[in-house]
Amino acid sequence: MEEIHRVAKLLYVSKYVIALTGAGISAESGIPTFRGKNGLWRKYRPEELATFQAFIRNPKLVWEWYAWRISMVLNAKPNPAHKALSKMEQMGILKAIITQNVDNLHERAGSKNIVKLHGDILKVRCIGCRYEKKLNEPPTEIPPRCPECGSLLRPGVVWFGEPIPPQALRETQIHMEKADTIIVIGTSGVVYPAAAIPYIIRERGGKVIEINISQTAITPITDYSLQGKAGEILPLIVKALEKLGY
Ligand code: NAD
Ligand code: ZN
């Protein structure tokens, strides 16, 4: 409790707070993380499915996995952690969320300034032409094909070995340069370049706050490491900020 209060005070005096979120923030909405105990789909590991090579080798298998994940995202609801971040943005404290998540729970919680490093699972695009489309239900035909050219449609996510969308990278750079405090939530800190962000901020003299149910690769460089569920800790921080006069 004492620590929550100290974190709230730090946020209060910071000039530019950003958040870096990972799969853990959506776990309490029922969306499994990649590296937790429920992280396996059938017998496959995400690293074996989330590549362009895997997709070309077996589009049906990869699309079955994405159709399962898409229906999970569409059925999920933002949890108190997503809502607390949205509230912190409304308070004027949080300036941006940089997320590795491909779900839409931050926007559905009302957050406005979101940088999606790894794309959006609901946006599909053709691998043969410029056709793209936003899904509001899982594709019925698997694998789905482009209505304009007949090529395969692919999920609008960044696969292992693929570059981060340049616009997202530019926006991240801008926020990173301004940030004096970062809150790192529900990420294992092993997927780059996202994992480098807290290190860079730390190196520039910024503060690092972590919220996670376990220790991570980021924990050693944190100023505050709050161990627990994001959906429990973030609302407590919002309450503490309200007491400080927000
Ligand atoms: P990860 O699966 O590697 O790590 C999840 C982290 O969340 C772990 O450190 C775990 O301890 C923590 N965690 C679990 N439940 C938590 C909770 N209730 N509160 C706080 N922390 C909790 O996830 P990652 O670091 O985001 O990297 C994996 C990649 O997986 C990303 O590229 C992302 O695109 C993708 N992914 C996205 C989603 C999604 O969009 N919801 C889901 C799974 C994977
Ligand atoms: Zn096409």
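Residue indices begin at 1 and follow the sequence shown. All heavy atoms count here, side chains included; hydrogens, waters and symmetry mates do not. Indexing begins at 1, ligand by ligand and atom by atom, following the structure's order.
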In ligand 1, which numbered atoms sit nearer than 4.0 Å to a non-hydrogen atom of [X]?
X      : value
His118 : 31 (C), 32 (O), 33 (C), 34 (O)
Ile31  : 41 (N)
Glu28  : 17 (C), 18 (N), 19 (N)
Ser188 : 1 (P), 3 (O), 4 (O), 6 (C), 9 (O), 25 (O)
Asp103 : 39 (C), 40 (O), 41 (N)
Gly22  : 26 (O)

Taking NZ, NE, NH1 and NH2 as the nitrogens, is one of them in [X] or [Y] under 4.0 Å from a carboxylate oxygen of the other?
X      : Y      : result
Glu48  : Arg45  : yes
Asp180 : Arg204 : no
Asp103 : Arg69  : no

Can you see whether Trp63 has Arg154 sitting over its ring - NZ or CZ less than 6.0 Å from the centre and within 45° of the normal?
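Negative - Arg154 is either too far from the ring of Trp63 or too far off its axis.
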- Message: Ala27 versus ligand 1: do any nitrogen or oxygen atoms come within less than 3.5 Å of each other?
- Response: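 Min N/O separation from ligand 1 is not below 3.5 Å for Ala27.
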Who else is in Leu20's hydrophobic cluster (ILVMFWY, side-chain heavy atoms under 4.5 Å, direct or via others)?
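When side chains under 4.5 Å apart are linked, the cluster holding Leu20 also contains Tyr16, Ile18, Ile98, Val115, Leu117, Ile164, Leu169, Met176, Ile182, Val184, Ile197, Tyr199, Ile200, Ile201, Val208, Ile218, Ile221.
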Listing residue and atom name, which protein N/O/S atoms are closer to the Zn ion (ligand 2) than 2.8 Å?
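Listed by chain and number, the atoms are Cys126 SG, Cys129 SG, Cys146 SG, Cys149 SG.
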Worksheet entry | Pairs where residues 85-111 contributes a residue and the test ring pair (Phe, Tyr, Trp, His ring centres under 6.0 Å) is met, not counting sequence neighbours |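 Qualifying pairs: His82-His106.
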Contacts under 3.5 angstrom, residues 137-153 side chains, donor-acceptor by atom type, not counting sequence neighbours:
residue, atom, partner, partner atom, Å
Arg145, NH1, Gly150, O, 3.0

Margin query: In terms of relative ring orientation, are Phe52 and Phe55 parallel, tilted or perpendicular, with 30° and 60° separating the classes?
Written below: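 Plane angle between 30° and 60°, so tilted.
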